[in-house]
Amino acid sequence: MGNASAEAFIERLERHDIRHMHDAQPDGSHYVAVELAGKTSILYNIAMVFSADGSEFGIRCYKLGKVPKERQRPMLKVLNELNANYAWVRFFIDSDSEVAAASDAVITTASAPRVCWEMLRRVFRVLDEAQEKIDKVLE
């Protein structure tokens, strides 16, 4: 595999029997994806990327809701409120008019299993809490 931070985190996922996909990229970065079911049975597809040198980690979750043009203003208001309430996760509307969430961290190989695991848990918890507010705007 070659990316020590990604390897360490993948070992942690496997110890906890978390199904995942992973793929080493030609530039040395590493992609890891998991699918987790939220409290309303929504499936969150969470993508994680480790930089080539293993010092940066990012989490992305897309397709949290398609935002029609007439709902963009109220959605931005809700996403700004979420961004104010959840310091470690930021919400935005992507170029496909979908709500997305992101979180990033600086890591080391030694900290990767613990920090990335904690980030995944936090992002999942925040997504599960925020989804109801996102869905309300889209009703």
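The structure presented is a predicted model; accordingly, all values stated were derived computationally and were not measured.
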Tell me, do L82 and V89 make a side-chain contact under 4.5 Å, heavy atoms counted? no
Does H30 use its side chain to pair, donor to acceptor, with the backbone of G28 at less than 3.5 Å? no
Is the F92 ring parallel, tilted or perpendicular to the Y62 ring (thresholds 30°, 60°)? perpendicular
Heavy atoms only: give me the nearest C116-I107 pair and the separation to one decimal. SG-CD1, 4.0 Å
What closest approach, in Å, do S5 and G54 show between heavy atoms, and which atom pair accounts for it? OG-O, 2.7 Å
Decide yes or no on salt bridge (Lys or Arg N to Asp or Glu O under 4.0 Å) for D104 and R90, but give the supporting numbers first. CA-CA 10 Å; D104 298 292; R90 61 192 184 283; 2.7 Å; yes
Indicate yes or no for a side-chain donor-acceptor contact from R71 to the backbone of V137 under 3.5 Å, with no hydrogens or angles considered. yes
Is a side-chain donor or acceptor of S97 paired with a backbone partner of K66 at a separation under 3.5 angstrom? no
Heavy atoms of W88 and S103 approach each other most closely as O-OG, 2.6 Å
Spell out, as yes or no, whether a donor-acceptor pair under 3.5 Å connects the side chain of K77 to the backbone of Q72. no
Salt bridge (Lys or Arg N to Asp or Glu O under 4.0 Å) assessment of R114 paired with E118: CA-CA 6 Å; R114 181 178 44 84; E118 184 62 27; over 6 Å; no
Verdict with supporting geometry, M119 and V115, side-chain contact (heavy atoms from CB on, under 4.5 Å): CA-CA 6 Å; M119 283 183 65; V115 170; 4.1 Å; yes
For the atom pair CG (L36) and CZ (R19), what is the distance rounded to the nearest 0.5 Å? 11.0 Å
Side chains of D27 and S29 only: does a donor on one sit below 3.5 Å from an acceptor on the other? yes
Do the side chains of V123 and V49 join up, straight or via other hydrophobic residues, at under 4.5 Å, putting them in one cluster? no
Using a 4.5 Å cut-off on heavy atoms from C-beta on, say whether the side chain of V32 contacts that of L13. yes
No-hydrogen, no-angle side-chain donor-acceptor test under 3.5 Å, N83 and E81: no
Quick one: NZ on K133 to CG on L79, what's the gap to the nearest 0.5 Å? 11.5 Å
Judged by modelled atom types alone, do D135 and Q131 share a side-chain donor-acceptor pair under 3.5 Å? yes
All heavy atoms of Y44 vs all of G38, minimum pair found to be CE1-CA, 3.8 Å
Contact between I59 and F124 at the side-chain level, heavy atoms closer than 4.5 Å - yes or no? no
Could you tell me whether the side chain of D53 and the main chain of S55 form a donor-acceptor pair under 3.5 Å? yes
Trace of the side-chain contact (heavy atoms from CB on, under 4.5 Å) decision for K136 with V78: CA-CA 10 Å; K136 242 180 205 155; V78 166; over 6 Å; no
Starting at CD of E35, measure out to CG of L43 and round the result to the nearest 0.5 Å. 4.5 Å
How about R15: does its CZ atom have over 12 heavy atoms from other parts shown lying under 6.0 Å from it? yes
Do the ring planes of W117 and H16 sit parallel (below 30°), tilted (30 to 60°) or perpendicular (above 60°)? parallel
Quick one: do I134 and M75 satisfy side-chain contact (heavy atoms from CB on, under 4.5 Å)? Show the steps, please. CA-CA 7 Å; I134 292 166; M75 182 61 75; 3.8 Å; yes
Scanning both residues in full, the closest heavy-atom pair of A47 with Y31 reads CB-CE1, 3.7 Å
Should N80 and F91 count as side-chain neighbours, where that means a heavy-atom distance under 4.5 Å? no
Are M48 and L120 close enough, and set up right, to give a side-chain contact (heavy atoms from CB on, under 4.5 Å), and what steps lead you there? CA-CA 9 Å; M48 295 163 279; L120 177 61; 4.2 Å; yes
Quick one: closest heavy-atom pair of C61 and N45, and the distance? SG-O, 3.5 Å
